[in-house]
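As structure tokens, the structure follows; a few thoughts come after it.
All chains are named by letter (A, B, ...) in the order of the sequence lines, taking the proteins before the strands, and each is independently numbered beginning at 1. Fair warning: this is a prediction, and the values are worked out from it, not measured in the lab.
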Amino acid sequence: MGHDALARPIWVCKTGRILFETLHPQAAQVADFLIAVAEPVSRPQIIHEYQITSLSLTAAIANGISVEQIIKILVKLSKNAIDDSFLQFIREKGRITGKLHLVLRDGRHFLESEEATLLTHLCSHDEVVECLVSSGAVDRTAEVDSTQVEKLKSAAHRLGFPLLQEYEFRRDREDTNPHLPAVLRPSVNLRPYQQRALSKMFSMDDVAKSGIVVLPCGAGKTLVGIAACCRVGRRALVLTTTAVAVDQWRRQLQLYTTLPPEDVYIFTADQKRPIEDAERRACIVISTYSMLGFTGRRGGDTAFILDQLQQLEWGLLVVDEVQVMPARTFRTVATTIKSHCCLGLTATLVREDDLIQDLHWLIGPKLYEANWQQLQEDGYLARVRCIEVWCDMSEEFFIEYLQAQDSDDVPGSMRATLQRSLWTCNPNKLKTCEFLIRHHEERGDKIIVFSDNIFILKEFARKLGRYYICGSVNLRERMQILSEFQESAACNTIFLSKVGDNAIDLPVANVIVQISSHYGSRRQEAQRLGRILRPKPQAQCSAGGFNAFFYSVVSRDTQELYHANRRQQFLVEQGYNYQVVRDHRLSRLDQQNLIYSSKESQLQLLKQVLESVRRGEAEEADEDFTGVAEPVTSTGKPAEPEAPTEEKVSLASLSGGLDGSYVVAPVARSKRLKVGN
DNA sequence: AATCCAGCAA
DNA sequence: CAGAGTGCTGGATT
């Protein structure tokens, strides 16, 4: 360690792990460098962690940074002497990276390399040979069996020879890939980070690289995708998750580009038309993963259009919300669609399984990732205050909750469902939610309430006289509700189920209240937060300069708190501060006349909840239901909440006594209660 | 393996 | 003719 170590911002471990002090004067440049060569692991406030991997190096080199440059900068920035074995690892990567290409020509795939030996070496592996049309390479080229492209990419990746998919779009033939008459309107200004993302993709002027761009929701991913389509200027296929997102892409295409409306094709369940003169005219098609991945029966029209999509050659395949793509059926689009290159867009390169790794070879390396915090500081994203509100369970609900766990009357499969419904519909939680809604409506904010539980979503929305959107709401109504929320001052709160998780654009929203979520899904948390990230000029700032609010309302003493912790973790890693507040700290909560203030309404709600859970079970297995229904009703527990008086008293005093000492382990807590009982 | 819910079909 | 209600497939999570 030299005497100037203090002035240097990073430590480099020989495992490739990098620790970075963000208080360094040149932190911004250092961060830019690190993001280019390493994967961000965790970026809270002060010390950021990054990891250099063979994939991150591949991406860096593909982006035009040389190995020696990387080493030189690392050495210059590092407080410690870097281990030789690690430098060796970097040099070795540099030797083989970026020299193998997968190319589409006249509908056929080829493996190519400037270095014949490298190609020969790769083609000597059995796994690779199996994917080739004829064994061995001739003249630095080997033809690939088009049905085996995915397998080949996977094999090459495993063997340590990542393939680059690049498209020299200006030099392609007009007959198979006609020119697309689309340019960005002159009024469109790309933001600096959008331009940076695009410059990674088009680092050579007339070559488009395949890869992934990670931008927070609200930072304008769509515009990056659209700009890429224009730049490539050939047929483009855009895939998203929902029909609503398809429509939003169409609208933004029209808003930002000069492409005539008739050259934009929508392909969803509700809206489809065959491509006219498909061979000779270029167009942009927007569709969903389900439409292309679905294996069930298809109608005549659908089959015909699907066939068109598969026959044509695409200059660019844009995969929005690319984190869903590794799913079994969705990934098939990567092989059934013939595209010259592929741009993946996402806000959260995260899944709870480990399939996210597959994207590196399915799509390509990560080309660009923006730092949320940085964008916030630069004013491109709203400043969000994240608050977790802990609500006590209401007595009656807590008793049911504990009984559901203990009781032999409740069939095992139903216990979890029942408990989840109980903590979600906890009246104290709903009171808090209503309070928050009223508070923010008064401030003139625009509020989204998220609930994965459909029963309470509808019930609560109706009681409050607000709109809700879940799967059963048809497309037209959805559009209407969304646009009213956008434009009308009379509609300031909407309720969304998990249909709203992905790719719904609601620029005006600045408050989220989450009353139920899907277990510990980090992706869901981040994407919901993303809904309110668009900067809000109209919203007043609170103390601390916050102009957006993210509330996660959870029930204390239940497993929900455990899930909430998991979800919270992700946002903390992204640099958000999470604050925990107890519900009784919210001012005058109990003095207000709220829907679930009265005991009667709470008891009625409980009845409804129990019924809704039981109904769900009844639909699934009628016989089982009647079988267990008898003992349950004969003990009278679910039907008559007042019945077990003694238990109620003891439980109530217990939970009261434990109130103050509560720390982190809700699961253990419930168990202790159970034992004590 | 099971649960829940969203999207597509017609 | 439309849109509502139905059945099926499949994704995400634990």
Side-chain angles (χ1 to χ4, degrees), chain A residues 239-247 266-272 286-306 321-333 348 350-356 358 404 410-421 423-424 450-458 468-480 495-504 516-528 559-560 562-567 570 612-621 624 667:
Chain A
L239 293 181
T240 28
T241 49
T242 67
V244 172
V246 168
D247 194 67
I266 301 296
F267 183 49
T268 62
D270 288 341
Q271 257 180 296
K272 48 178 94 85
I286 312 169
S287 184
T288 65
Y289 290 101
S290 303
M291 275 316 268
L292 274 80
F294 189 68
T295 54
R297 292 189 309 278
R298 315 308 299 247
D301 272 3
T302 312
F304 178 78
I305 300 171
L306 257 180
E321 309 295 342
V322 73
Q323 78 281 352
V324 306
M325 200 205 190
R328 196 169 11 103
T329 50
F330 290 172
R331 71 199 300 158
T332 59
V333 303
T348 50
V350 177
R351 294 170 64 96
E352 296 304 324
D353 55 32
D354 53 7
L355 294 182
I356 208 79
D358 293 3
V410 185
S413 63
M414 213 164 123
R415 283 180 206 161
T417 314
L418 178 56
Q419 289 193 318
R420 220 173 323 125
S421 296
W423 79 52
T424 304
F450 275 111
S451 165
D452 274 4
N453 181 309
I454 303 296
F455 159 74
I456 200 63
L457 178 85
K458 293 180 180 175
Y468 65 81
I469 297 179
C470 63
S472 60
V473 176
N474 70 41
L475 191 66
R476 196 155 307 163
E477 258 178 288
R478 287 184 195 191
M479 297 305 188
Q480 205 179 331
F495 283 66
L496 294 182
S497 78
K498 71 179 175 200
V499 283
D501 284 357
N502 285 306
I504 286 192
S516 125
S517 51
H518 199 59
Y519 299 103
S521 170
R522 296 170 293 161
R523 174 200 56 79
Q524 189 183 53
E525 188 90 336
Q527 281 185 317
R528 287 182 170 176
Q559 292 220 20
E560 188 181 29
Y562 164 78
H563 297 310
N565 276 331
R566 266 181 62 82
R567 299 163 65 89
F570 182 69
S612 84
V613 172
R614 216 174 311 144
R615 252 206 323 276
E617 189 74 3
E619 281 160 21
E620 290 288 319
D624 280 4
V667 184

Can you tell me the distance, in whole Å, between the [atom1] atom of [X] and the [atom2] atom of [N]?
X	N	atom1	atom2	result
L418(A)	dA2(B)	CG	P	20 Å
N453(A)	dA6(B)	CG	P	11 Å
F450(A)	dC4(B)	CZ	P	21 Å
F267(A)	dG7(B)	CZ	P	16 Å
F330(A)	dA6(B)	CZ	C1'	10 Å
I454(A)	dC5(B)	CD1	P	5 Å
D270(A)	dA10(B)	CG	P	13 Å
R328(A)	dA12(C)	CZ	P	10 Å

Which is true for [X] with a 4.0 Å heavy-atom rule: it touches a base, it touches only sugar-phosphate, or it touches nothing?
X	value
S497(A)	sugar-phosphate
D452(A)	sugar-phosphate
T268(A)	nothing

For F330(A) and Y289(A), take the angle between the two ring planes, folded into 0 to 90°, and tell me which bin it lands in: parallel under 30, tilted 30 to 60, perpendicular over 60.
parallel
So if I take every side-chain heavy atom of [X] and compare against [options], which nucleotide ends up nearest?
X	options	value
T417(A)	dT13(C), dA12(C), dC4(B)	dC4(B)
C470(A)	dC4(B), dA6(B), dC8(B)	dA6(B)
S290(A)	dA9(B), dA6(B), dG7(B)	dG7(B)
R351(A)	dG7(B), dA12(C), dC5(B)	dA12(C)
A269(A)	dC8(B), dT3(B), dA12(C)	dC8(B)
R478(A)	dT14(C), dA9(B), dG7(B)	dG7(B)
T302(A)	dT13(C), dA9(B), dA6(B)	dA9(B)
R420(A)	dG7(B), dA9(B), dC4(B)	dC4(B)

For salt bridge (Lys or Arg N to Asp or Glu O under 4.0 Å), just list the numbers for E352(A) and R522(A), CA-CA rounded to whole Å, side-chain angles, deciding distance to a tenth of an Å, and then say yes or no.
CA-CA 8 Å; E352(A) 296 304 324; R522(A) 296 170 293 161; 3.2 Å; yes
Checking S287(A) against L292(A) for the side-chain contact (heavy atoms from CB on, under 4.5 Å) test, could you report, in this order, the C-alpha distance in whole Å, the side-chain angles of both residues, the deciding distance, and whether it holds?
CA-CA 8 Å; S287(A) 184; L292(A) 274 80; 3.4 Å; yes
Please list, for nucleotides 1-5 of chain C, all pairs of protein and nucleotide N/O atoms separated by less than 3.5 Å.
| unit_1 | atom_1 | unit_2 | atom_2 | d |
| --- | --- | --- | --- | --- |
| dG3(C) | OP1 | R476(A) | NH1 | 3.3 |
| dG3(C) | OP2 | R476(A) | NH1 | 3.3 |
| dA4(C) | OP2 | N474(A) | ND2 | 2.9 |

Select from G293(A) and H563(A) the residue whose nearest nucleotide in DNA chain C is closer to the 5' end of that strand.
G293(A)
For D353(A), which residues count as a side chain to side chain donor-acceptor pair (under 3.5 Å) partner, sequence neighbours excluded?
R351(A)
May I ask you to evaluate whether R567(A) reaches the phosphate of dT13(C), defined as a side-chain N or O under 4.0 Å from OP1 or OP2?
no
Quick one: is T288(A) getting a side-chain N or O under 4.0 Å of the dC8(B) phosphate, OP1 or OP2?
yes
Once side-chain contact (heavy atoms from CB on, under 4.5 Å) is applied, do any residues pair with [X], and if so which ones, sequence neighbours excluded?
X	answer
Q271(A)	I266(A), T268(A)
D358(A)	R331(A), L355(A), W361(A), L362(A)
S451(A)	N453(A), I456(A), L457(A), I515(A), S516(A)

Under the salt bridge (charged side-chain N to carboxylate O under 4.0 Å, His left out) rule, collect the residues that match up with R528(A), sequence neighbours excluded.
D452(A), D501(A)
